[in-house]
Amino acid sequence: MKKTFLFLAILIMAGSVSAENGYRLWLRYDLLTDKALLTAYRARISTIVADGRSATAAITKEELQNGLLGLLGKKVVMTNTIGHGAIVTGTPAMDVIGSLSLKDQLAKTGNEGFVIISTLYQGKKITVIAANSDIGVLYGTFHFLRLLQTHQPIEKLNIISSPAILHRVLNHWDNLNRTVERGYAGFSIWDWHKLPDYIDQRYIDYARANASIGINGTVLTNVNANATILTKPYLEKVKALADVLRPYGLKVYLTARFSAPIEIGKLKTADPLNDSVQQWWKEKAKEIYSIIPDFGGFLVKANSEGQPGPQDYKRNHADGANMLADAVAPFGGIIMWRAFVYNPESNDRFKQAYEEFQPLDGKFRKNVLIQVKNGPIDFQPREPFSPLFGAMPKTPLMMEFQLTQEYTGQGTHLFYEAPQFKEVLNTDTYTKGKGSTITKVIGGSLDNHTISGMAGVANIGTDINWCSHPFAQANWYALGRLGWTPTLSAEQIADEWIRQTFTNTKNAVAVIKNIMLHSHEALVNYMTPIGLTHIMYNGHHYGPMPWGNTLNRPDWNPVYYHRADSGGIGFDRTVKGTNALAQYSAEVQNRFGDIRSCPDDHLLWFHHAAWNHTMQSGRTLWNELCYKYYTGVDSVRSFIRQWDKVEKNIDEERFVQVKQLLNIQLKEAIWWRNACLLYFQTFSRMPIPAGYEQPDRTLEYYKSLRFPFAPGN
Ligand code: GCV
C-alpha cells in the first residue's frame, strides 16, 4: 500500500500521469530506467542540505527535491546534518561552503555562475553546489539535475561555470491583444486582460524553464510596439509578471514605441533632442522603476518597417538611443536598440544597417547595446554574417537570432537551429586579424566591452507543448545554452536536449541527433540553396514565391533578391555590382568576392552567375540547383525513415505528432522544389536532369496557391 502510494506520488511529481504532451519540456525528471545508474546515483545522493531564505533559494530546494524524487524514485530528505551523500547547496554565507576554500573557484563565477564539486567533508563524500548568489545556486542546481537527466557520472565533479554573455534574452513579438507576430504556437502566453490579478501557472513554468537554461531576461512585447504598455494600468500588469519571474533570475524589459510621448504623453513631438520629450521619458522611466525596481530597460525598433524613430525628426539612431539611455541610466537600465533597418533609397538592402549604424560607432551611451540580426537581410535559412559584426568596435553589439521559424518552415518543419547559430558564431570577421570570431565580438572580449547580449525571438505560445512543433523546443533550449556557453557545439546541445526531452537510449539518441544536425542543411537545400534568399511568399512568408514582383517597394519582392534572367541568377555585390562586399574586412571580401573562391553556399548572395557556371562540385549552376533541391527533399524522406526507427523509444503521442509533421514537411519540401525549379527554368531554359522525378504540377498551379489565413501574419 505504502509502495503504491510512493509510486503514484513519483508519477505525479514527474507529471507522467497525464499523457506526454510536451508541456514538461526538457524538465521531465522521469524515473531512471538504467538500473546500474540508478543504484550508483542513489548511493551518491542521500540528503539535501540547502541554505538560503530567499524566494530563489526556496525554488532551488523544491526543484532539487522534486527532480531527485522523479529521477531516483525516492524522497531525498532535507536536513541540516551533513552525512555521506549530502547534496549541499548555498553561498559562502553557509558555514560548510565557507569552510571548503572555494574562494578561488567562486571568484571566477561572478554573480550568476556556480561551482559543482565532489568533495570530502569531515570524511563524508558530498556534492557541493555553490555560488556567490542564490540565483547562481539555482543555475547550478539545474546543471546538476541536467547531469543526472543526461546520465553523466557524478562521482568526481569539478565544474566551474559562468555565462559568457551578460544579457541572455527572449524577445516576444507578442501584441497586447494576444496575437503573436510570426508566432506559430498559439496565442501569447501573456494574458494582459486578466493581469495583474490572475497569475497563470504558465508564467511560473515559463520562468522555471528559462532559469533551467540560464536565460535571464524577457522582452514581453512586440518590437512593432504599442505605447499602451507604458501606461499605468499596463505597468501594473507588467509588475505582476516581474514579481513572478524575478525569483527565477528573469528581468522584464519592454519595447518602447518612439512616438509614445505623443500617443500617450500628449506632446506634439517625439524629437529626441527636444527638452520636453527628454523630460517625458525621464519621468516615464522614474514611474516604471517606482513600480518595477529591477526593470531591465527597453528594446527599440525605430525607423524600420513604418515604426517611428529619431529620423522622423532628422536625428540619428544615436540621438534616439541616447535619450532613452539617459532616462534609464540612473536606475541601472539598458537600451537594446535594433539595427534592423532598411529603406528604399539605398541600392542594396544588404548595405543599409551598416550604412546607418557604422558611422555612429562610439556615439552611443555606455548602457546601449545595438542588437543586430545574424545576417544582413532577415533571418533567412542561410545568410552570410552581418557586416556590422566587428565593424563597430566602440559599441557593444548584441546578437539577435530568430527562434520562431518565420522563414524556416514555420510551425510544420523540423528545423534545429543550433547549427545555423553556430555557423554565425564561429565565423571569423577578421576585423582584428585572424580569430576575430563573432562569438568574441558579441561576448565583448574582442573589443573589451563589459556588457554583452544575445537575444532570440521567442517561439513560445499557448500551445500545450509551448512551441507547437515538438522539436521547436530545442531552439529555445539552444538559445539558453549558447547564451551561457557559446562554444558548446550544436551536437552537444542536441544530445543534452534529446536525452532530457525524449530518451537516453543510445541508438535512439544517435538517430534523433542525426536528424536534427542535418535539418538545417536539408531546409536550406529545399528552400534557398546556393545563396538564394527571401523568395518566400509575400506577407505571411509561408511557402515559395520566387516570382513575386508586385509589391510597391522593390526590396520587398523576391525578384529583387534572386535577379534571375536568361544569363544567370544571383545578386552581384562585388565592385561591379552594389559593392556591399566592401563592408567586410579584406579577408572576407577576398573570400566572397572572387567567384572562383566564393563558397557555393553563398554564391548567389554575392554573384550573378551564369547558368552554366562551373560549381565546386563540377556541375553547372543549373544542375547544382536541381541537385540541391532534390537532395533537400531526399533528406526529409530520410528523416521520416529514421524517425520510424525510434518509434519504440518515444511515447506514442509525440511520436505520432512528429511523424505527421514530417509528412507535411515532405509535402512542403516538394512544393518548394517544384515551384522554384519550374520558375527558374523559365530563365535557364535547361531541363531538370533525367533520373530525377519530374514535377507533377505546372508552374501556373503553384502560382495559383493562396493562403489567406496563414498564421503569424
Ligand atoms: C516584428 C521581419 C518580419 C516582421 C518583423 C521584422 C522585425 O521583417 O517579417 O514581422 O517585425 O522582421 O524584425 O522587426
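Atoms within each ligand, like the ligands themselves, are counted from 1 in listed order.
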- Query: Do Lys373 and Glu383 sit within salt-bridge range, that is, some charged N less than 4.0 Å from a carboxylate O?
  - Reply: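 Glu383 and Lys373: not salt-bridged.
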Would you be so kind as to tabulate the donor-acceptor pairs closer than 3.5 Å made by side chains of residues 303-311, with sequence neighbours excluded?
unit_1 : atom_1 : unit_2 : atom_2 : d
Asn303 : OD1    : Gln311 : N      : 2.8
Asn303 : ND2    : Asp312 : OD1    : 2.8
Ser304 : OG     : Phe340 : O      : 2.7
Glu305 : OE1    : Lys301 : NZ     : 2.8
Glu305 : OE2    : Tyr342 : OH     : 2.5
Gln307 : OE1    : Ala225 : N      : 3.4
Gln307 : OE1    : Arg257 : NH1    : 3.2
Gln307 : NE2    : Asn224 : OD1    : 3.4
Gln311 : NE2    : His317 : NE2    : 3.4
Gln311 : NE2    : Glu356 : OE1    : 3.0

- Can you tell me which residues line ligand 1 if we count any heavy atom under 4.0 angstrom from one of its atoms, in chain and number order?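 Ligand 1 pocket, heavy atoms under 4.0 Å: Trp173, Glu181, Arg182, Asn222, Val223, Asn224, Lys301, Glu305, Arg338, Phe340, Lys373, Asp378, Glu406, Tyr407, His541.
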- Item | Pairwise side chain to side chain donor-acceptor pair (under 3.5 Å) hits with a residue in residues 318-329, at least two apart |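 Qualifying pairs, neighbours excluded: Asp326-Arg365.
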- Query: Can you name the residues that form a salt bridge (Lys or Arg N to Asp or Glu O under 4.0 Å) with Lys314, not counting sequence neighbours?
  - Reply: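 Not a single residue meets the salt bridge (Lys or Arg N to Asp or Glu O under 4.0 Å) criterion with Lys314.
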- Measure from the side-chain N and O atoms of Tyr542 to the backbone N and O of Met536, and report whether any donor-acceptor pair falls under 3.5 Å.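 Between the backbone of Met536 and the side chain of Tyr542 there is no qualifying donor-acceptor contact (under 3.5 Å).
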- Give the intermediate values and the outcome of side chain to side chain contact (heavy atoms under 4.5 Å, CB included) for residues Thr462 and Arg178. CA-CA 10 Å; Thr462 49; Arg178 296 194 77 177; 3.6 Å; yes
